[in-house]
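Single-structure report; data block below.
Each chain gets a letter, A, B and so on, in the order its sequence line appears, and its residues count up from 1.
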Amino acid sequence: MSQTVAMIVNGRPVSVTADDPQMPLLYALRNDLGLTGPHYGCGLAQCGACTVHVEGEAVRSCSLPLAAAAGKRITTLEGLGTPERPHPVQAAFIAEQAVQCGYCTNGMIMEAAAFLAKNPRPTEAQVRQALAGNICRCGTHPRVVAAVLRAATRG
Amino acid sequence: MDGMIERRGFLKAAAAGGGMLVAFALGGAPRGARAWAEKPVATDEVDSFLAIDGEGRVTVYSGKVDLGTGVRTGLAQIAAEELDVPLARVAVVEGDTALTPDQGPTYGSLSIQNGGVQLRQAAATARQALLREAAQRLGVPAEGLRIEEGVVIAPDGRRASYGELVGGKAFRLKLDANAPIKPPEARRIVGRAVPRLDIPDKVFGTFRYVHDFRLPGMLHGRPVRPPALGATALAVDEASVRGIPGVVRVVHQGAFVGVVAETEWAAIRAAGELRVRWSDWAGLPEQARLWEHVRATPVAQRQVTSERGDPAAAIAAAPRKLSATYDFPIHTHGSMGPSCAVAEFRDGRLTVWSASQATHNLRKQLALMLGMPVEQVRCIYMEGSGCYGRNGHEDAAADAALLARAVGRPVRVQWMRADEHGWDPKGPPTLVDLRAGLDAEGRVVGWESEAFIPKGAGGNVDLAAAELAGLPRESQINPGNIIHNLATPYAFPAVRTVCHRLETTPFRPSWIRTPGRMQNTYANEAFLDELAAAAGADPIEYRLRYLPADDRRGREVLERVARLAGWQTRPSPQRERGGEVLRGRGVSYCKYELTRTYVAAVAEVEVNRRTGEIRVTRFLCTHDCGQIINPDGVKAQVEGNVIHTLSRTLKEELTFDRRAVTSLDWASYPVIGFPEVPEIVVELIDRPNERPWGAGEPTAAVVPSAVSNAVFDATGVRLRSVPFTPAKFRAAAAERGA
Ligand code: FES
Ligand code: FES
C-alpha cells in the first residue's frame, strides 16, 4: 500500500509518497527529493556512505525505513552548510584536502558533525573511535582525522 | 595566423563539451548527437586537447580521467601553466569518446607521466601559435611579447587577449615536439600545492557522480546474478515479481538476468524476489587448496624477465642456500560505491555514462557485444567511487546497455554491494618461489625466482554481461602487466627470474592498484631481507651493497628514508624478547618497473606474540617521481597507497566456495579502519628539471614487504602469506618454534 510520509528535510517540510513504506529513507532523499549528498555504499549499515542526521543523530539512511522518518527532522550534507556558510567540519575538510574520490566523504562529515556536537573537544583517539564504523577505500583517514580535530578547535 | 580557421563543427563540439559540465550540474542531459565526430580527437593535434573560447576560457580535453585521485587538478595546472592563464579559467572534459583523445586507459600511473606530458606539449604548441598570431596583429616581433593571464602584451603596452586571438577558432596544428616548455624558474602554478578543484562540491554534496546522473524517462535496472559463477538460468518466473508496483520488465538471455522498474527501490526488490531456476555448477577450486590448484594449472607461456650468468650452478655450489615461497591472495577492488552506469538508445545510437577508466575501450567492447558499428556508440566518463583498477564500472555499463535495449528507454544500473564484491573482476592469486645462494661472507652469488601468474596483459577485461548472455566478446583474460618488478633492481652476479603464465585463474582477473609490481616486489624485498638476516647484515646497508653505484636516485631514497625513520644500523631480528608486545622495523625499496618512480619505506610495528595481532604504528616513506606537478596531490596519493595496501596486507582476502564468492559484504571482507591506520610520514623529493613520473601506484609496491620485514625484525617470525592475520602469525610462530 502506498503511503505518504511527511518530514522536515534541511529545514523544509516535504512529503514523499512511496509504494512501499519500508523503502529506505536513502532512496527517498536521492530519487524523490534530489538530495544526492548521501550515497549508497552497502545498504547494510556497514560503511557509512549514506549517513544523514535524524533529529541531530547520525543515522544510516540505507537502513531506516521511510515510514520511520515520518515527522522527523532530517539533515543531509546539502543542509549542513553551504559554500557561503560552511559547517566547521566542511570548512575543515576543504582546509585539510581530506577527500579523494569523495564517495565516503558524506558519511565522514555527517558522522563527525554529529559526534562533535556531543563531544566538542575530543582527543585524536576519540575521533578515530567515533569514525571506526566509516569505511574509506581511498585512504583519506589521516586527513579526515586532522580535519575533525581542526573543526573541533576552530568550531 | 593560418593555423586558426573557423569551423562550425568544432565550435559546436566544443560548446557541447563545455556545456556538458553545466548540463550535468543541472541534472539534464547533453544532446547534440551530430557533434559526435566533428571535433578532432587524434593524439597529434592541438585541437584534440585544447579549445579557447571568445572569453579566453580554456577547455582541456583529456582521455585520462580523474578516478578520485585529483589528477584533473594536475592536468588543469599543466594547461594553465603553459598557457599562462589563471587556473580558474581552465575546465577539463574527461573521457568522452566523442570529444577527448584516446590516450589509453587511466591506469599504470601514467596520467601525468604520459597524458600530462602530451597535454603540456599541446599547450606549449598553442602558446607559440598565440604568440605568432599576436606578433602579426600587433606588428611586433614575437620575441618581445609577454603573456599575462591570457593576454599577450607588446613592449609598448598594446594588448591582445586569447579570446581575441583565437576565441571560437580551431588551432589546426600538429603537436610540436620542439615547442618550448616553461623552465622551472618560470613556473607559477605547476609545482604548487594547488587545492583540488573538486573538493568543495564533494564537501557540500553538490558534486555529481555517475551515481547521481539522471535522464528524463529513465528507468532503474538491477542485474540478477547466478548463485554459481558458471550457472545458467533454466527458467525465470516473471510472475514472482508481478506484485511489486513499478516493475516494468524482466530480461533474460542465457545466464544474464535483469529487472527494470520505474523506481530504484522496485528494481532492488524485484531483483531480490525474482524466482530463477539456475543450473548447478561447482567449478571453483577448493579455497583451502588454492595454491595446489595454482601450481597444477597448465602453463601457457614461460617468460624470462631477467637473466644473467648461471644462478642455478652458483646456488648449487654456494655454502649457504635459502629458498622460500611467497603468496598473495585474491582481492576484490572493494570500491566504496558499487559500480553504476546509465545507458540510452536514441536514433539507433547508444550513449553510456560510465565511470570507466577506459571509455574508448569500453566503447569498442559495447559495440562488439551489441553488434553495433563503433561509431554508433558514445561513452562519456563521469566520476564514480574510487576504483583502483578495472572494477565493475564497465560491467555495469554493459548491464545498463542490455537492459536499455530491451525496454527502449534509458536505464540506470547500480550494483548492490553483493554484486560488487561478488562480480567485480579480481586481482588474481600470485605465488612466487625464490632461491638464492650466499657465499661464506654472506654475499649473494645467485638469485632465482619463479612466479605463477595468469597469462594476459593490460588489454580489456571481458564484460560480464557479454559472457553471461553468450554475446560476442574478446574471450581473453587480461590481469594487467603483472610481470613487472619480478626482475630486481639489484646487481647480483647471477640472476634468473621467470614468470609461468598460467592458462586460467579461478576468477575473471583484472588489475588492482599496482598489479604484479606489488606482489613481485613483496616477494623480492621480503626474501632479500631473509638473505640480509642470514648474512647478519643491516637490511638497508645490504640493499645499498647491491644497488648499482650509478643509480643515485635509488640510493638517495633509501638513505633518506633511513634518516627520516631514525634507522639504527643493525641486523634483524632485534634482540629484545621481553614482554608480550614486541617492536620492530622493516625496510623496503622499489624502482617502479625498474624504469621510473623510486620509493623507499620503513614500517614500524608492534606484534603481540601471544595473540598474533600486528599493529603498524608508523609508516615512513621517501618518494621520487621526478618533477612534481602538485605536491599535496602526490602526498595524498602516497598516503592512500599506504593505507589501501596496509588494508590488503593485513586484512583482505576473498573467500569462496566451489560455486561463488562468499565474502559479499564488509563483514566477510574486512578492511582497515580508523583505529588501525598508522601515522604516515612522507618525504617527497622534487626534481623540477626531470620529467614527471607516476605517483598513483608505486608506493603500494613497498608496503607488504616492509610489514613482513618489520614483523620479522620484531619477532624473528617470517610472514610469507598475505594477509598477515593473527592466525597466520600464530601458525608461522608455531612452525618456527617447532
Ligand atoms: S550504505 Fe548505508 S551504511 Fe553503507
Ligand atoms: S575518498 Fe574514496 S572512499 Fe573515501
Measuring heavy-atom distances to chain A, does B:Ala193 have an atom under 4.5 Å in its side chain, in its backbone, in both, or in neither? neither
So, do A:Tyr27 and B:Ile268 sit near enough that their side-chain heavy atoms are less than 4.5 Å apart? yes
Has the side chain of B:Arg208 got a donor or acceptor atom that lies under 3.5 Å from a matching backbone atom of A:Thr36? no
So, the side chain of A:Arg30 versus the backbone of B:His211: is there a donor-acceptor pair under 3.5 Å, distance only? yes
Less than 4.5 Å to any heavy atom of chain A: does that hold for the side chain of B:Glu652, its backbone, both, or neither? side chain
Report the C-alpha distance between A:Arg143 and B:Asp632 in whole Å, list the side-chain angles of each, state the deciding distance to 0.1 Å, and finish with yes or no for salt bridge (Lys or Arg N to Asp or Glu O under 4.0 Å). CA-CA 11 Å; A:Arg143 288 165 184 249; B:Asp632 194 55; 3.1 Å; yes
Residue-level contacts of residues 65-72 of chain A with chain B, using a heavy-atom cutoff under 4.5 Å: none
Taking the side chain from B:Tyr209 and the backbone from A:Gly102, do they hold a donor-acceptor pair closer than 3.5 Å? yes
Would a distance-only check, ignoring hydrogens and angles, find a side-chain to backbone donor-acceptor pair under 3.5 Å from A:Arg128 to B:Val677? yes
When the 4.5 angstrom heavy-atom criterion is applied to B:Asp198 and chain A, the contacting part is side chain
Taking atom CZ of B:Phe204 and atom CD1 of A:Ile109, what is their separation to the nearest 0.5 Å? 8.0 Å
So how far is it from B:Met218 CE to A:Asn31 CG, rounded to the nearest 0.5 Å? 7.0 Å
What is the distance from atom CG of A:Asn134 to atom CZ of B:Phe674, rounded to the nearest 0.5 Å? 6.5 Å
Which atom of B:Ile680 lies closest to which atom of A:Pro142, heavy atoms considered: CD1-CG, 4.2 Å
Where on A:Thr82 is there a heavy atom nearer than 4.5 Å to chain B: the side chain, the backbone, both, or neither? backbone
By a 4.5 Å heavy-atom criterion (distance strictly below it), what part of A:Gln22 contacts chain B: side chain, backbone, both, or neither? backbone
How long is the straight-line distance from CD of A:Gln90 back to CD1 of B:Ile199, given to the nearest 0.5 Å? 13.0 Å
Under 4.5 Å from any heavy atom of chain A - which part of B:Arg412: side chain
Between A:Tyr40 and B:Arg417, is there a donor-acceptor pair closer than 3.5 Å when you use the side chain of the first and the backbone of the second? yes
Hey, what do you get for CZ (B:Arg269) to CE (A:Met23), rounding to the nearest 0.5 Å? 11.0 Å
Contact part of B:Leu67 toward chain A, heavy-atom cut-off under 4.5 Å: side chain, backbone, both or neither? backbone
Measure distances from A:His141 to the heavy atoms of chain B and classify the residue's part below 4.5 Å as side chain, backbone, both or neither. both
Got B:Arg196 and A:Gln100 here, is their nearest side-chain heavy-atom distance under 4.5 Å? yes
Under 4.5 Å from any heavy atom of chain A, what part of B:Glu639 do you find: side chain, backbone, both or neither? both
Check each atom of B:His421 against the heavy atoms of chain A and say whether the ones under 4.5 Å are side chain, backbone, both or neither. neither
Could you note down all residue pairs passing ring-ring contact (aromatic ring centres under 6.0 Å, His included) where residues 57-94 of chain A supplies at least one of them, sequence neighbours left out? none
Hey, are the side chains of A:Cys138 and B:His644 touching, using non-hydrogen atoms and a 4.5 Å cut-off? no
Side chain A:Arg137, main chain B:Gly334, donor-acceptor under 3.5 Å: yes
Quick one: what part of A:Pro86 sits under 4.5 Å from any heavy atom of chain B, side chain, backbone, both or neither? both
Taking side chain as everything from C-beta outward and backbone as N, CA, C, O, which of these in B:Ser385 sits under 4.5 Å from a heavy atom of chain A? Side chain, backbone, both or neither. both
Which atom of B:Met336 lies closest to which atom of A:Ile135, heavy atoms considered: CE-O, 3.2 Å
Report the distance from atom CD1 of B:Ile244 to atom CG of A:Asp19, rounding to the nearest 0.5 Å. 10.5 Å
Contact origin within B:Gln414 toward chain A - heavy atom pairs under 4.5 Å: side chain
